[in-house]
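Shown next, in structure tokens, is the structure this report addresses.
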Protein chains: 2
Amino acid sequence: MGAFRKSVSSKRVEVLKALAHPSRLLITEALMNGELCVGAIQALVGDDVSTVSKHLTILRAAGVLRSEKRGLNVFYQLGCDCFGEFLQCVDQVCPSSTSSGSKTKMCC
Amino acid sequence: MGAFRKSVSSKRVEVLKALAHPSRLLITEALMNGELCVGAIQALVGDDVSTVSKHLTILRAAGVLRSEKRGLNVFYQLGCDCFGEFLQCVDQVCPSSTSSGSKTKMCC
DNA sequence: TATCTATTTGGCTATACTGCCAAATAGATC
DNA sequence: GATCTATTTGGCAGTATAGCCAAATAGATA
């Protein structure tokens, strides 16, 4: 890997890595509409519950999501409100990287 | 993986995946100061040249970087100017994910 | 043309990640 | 306490990724 600073922006890499997976991005996008419990997320994603749980662990460890236990359920929600802006940034980093048509403004 | 829409935001995932690697993020951050040829990038990262070349291929395929051949050299540069904003967004997605101290404003 | 430099590509091994099943844990209800 | 539901954890097999070396390509220079 080439021993260098490499670990300087390791937190950024952790966040990016957490989001750089179809299921995990889908989950995070879904939580923009409000919190969901694991069962609901599992139904949304379609993977095995254990797989979903591990995805959620990764997202929470990166700080992208927070979790809260209420009764038997564990509810997950976004760590901050700015995830929508973040997605816009992603769409803008590469020219025409909009996934859902073209409702996002181009910056360059 | 659970057959679902999953491929809807595949472009976003591609961009995120490209940046979710220490060397590739380092390269992209370095290019904020202007274009660099492969040799210079290799010196910066410290990996083997072939490894660096593959990283650059991934970043270019995702649309994050553009390349231009001049003489024997291939120069790489950012695909757009908004990468700085993007990094700010990354730092804001998770609470206190700032890597380089705390000069980035908190959003939540 | 021969050669030299810069970069890319192919191929290989080591490592990391994904996703499933089964088992364990935690809390609610009987 | 027994049982039921929701979630997490351990472990494994399959797949993908990383990084090195060697070879190939592309263009410059002799």
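In what follows, chains are A, B, ... by sequence order, proteins preceding strands, each numbered from 1.
Taking side-chain N and O atoms only, A/H55 has no distance below 4.0 Å to OP1 or OP2 of C/dC17. Under 4.0 angstrom from either OP1 or OP2 of C/dG19 there lies at least one side-chain N or O belonging to A/H21.
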Generate the contact string for nucleotides 8-15 of chain D. Rules: B means base contact, S means sugar-phosphate contact only, - means no protein heavy atom under 4.0 Å. BBBB----
Do nucleotides 23-30 of chain D as a string where each nucleotide becomes B, S or -: B if the base has a protein heavy atom under 4.0 Å, S if just the sugar-phosphate does, - if no protein is that close. ---BBS--
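Closest approach of A/L19 and A/L25 over heavy atoms only: O-CB, 3.7 Å. Minimum heavy-atom separation, B/R24 to B/A18: NE-O, 2.6 Å.
Following rounding to the nearest Å, B/I27 (CD1) and D/dA18 (P) show an atom-to-atom distance of 11 Å. Note: CD (B/Q42) to P (C/dT5) measures 15 Å, nearest angstrom. Atom pair B/E35:CD and C/dT7:P shows a separation of 12 Å (rounding to whole Å applied). Between the C1' atom of D/dT17 and the CG atom of B/L25 lies a distance of 17 Å, rounded to the nearest Å. Atom CG of A/L26 and atom P of C/dG19 are 12 Å apart (whole Å). Atom CG of A/N73 is separated from atom P of D/dC4 by 18 Å (rounded to the nearest Å). Put simply, NZ on A/K17 is 10 Å from C1' on D/dT17, counting in whole angstrom units. The distance between atom CZ of A/R24 and atom P of C/dC17, rounded to the nearest whole Å, is 9 Å.
Among residue pairs with one or both ends in residues 24-52 of chain A, none qualify as ring-ring contact (aromatic ring centres under 6.0 Å, His included); sequence neighbours excluded. Under the side-chain hydrogen bond (donor to acceptor under 3.5 Å, both in side chains) criterion, the residue pairs touching residues 33-43 of chain B are B/E35-B/R70, with sequence neighbours excluded. Residue pairs satisfying the ring-ring contact (aromatic ring centres under 6.0 Å, His included) criterion with at least one member in residues 48-71 of chain A, sequence neighbours excluded, are listed as follows: A/H21-A/H55.
By the side chain to side chain contact (heavy atoms under 4.5 Å, CB included) test, A/L78 pairs with A/T28, A/L31, A/M32, A/L65, A/F83, sequence neighbours left out. Applying the side chain to side chain contact (heavy atoms under 4.5 Å, CB included) rule to B/S50 yields the partners B/D48; only residues at least two apart in sequence or on another chain are considered. Residues that satisfy the side-chain hydrogen bond (donor to acceptor under 3.5 Å, both in side chains) test with B/T57, not counting sequence neighbours, are absent from this structure. The ring pair (Phe, Tyr, Trp, His ring centres under 6.0 Å) test applied to A/F75 returns no partner, not counting sequence neighbours.
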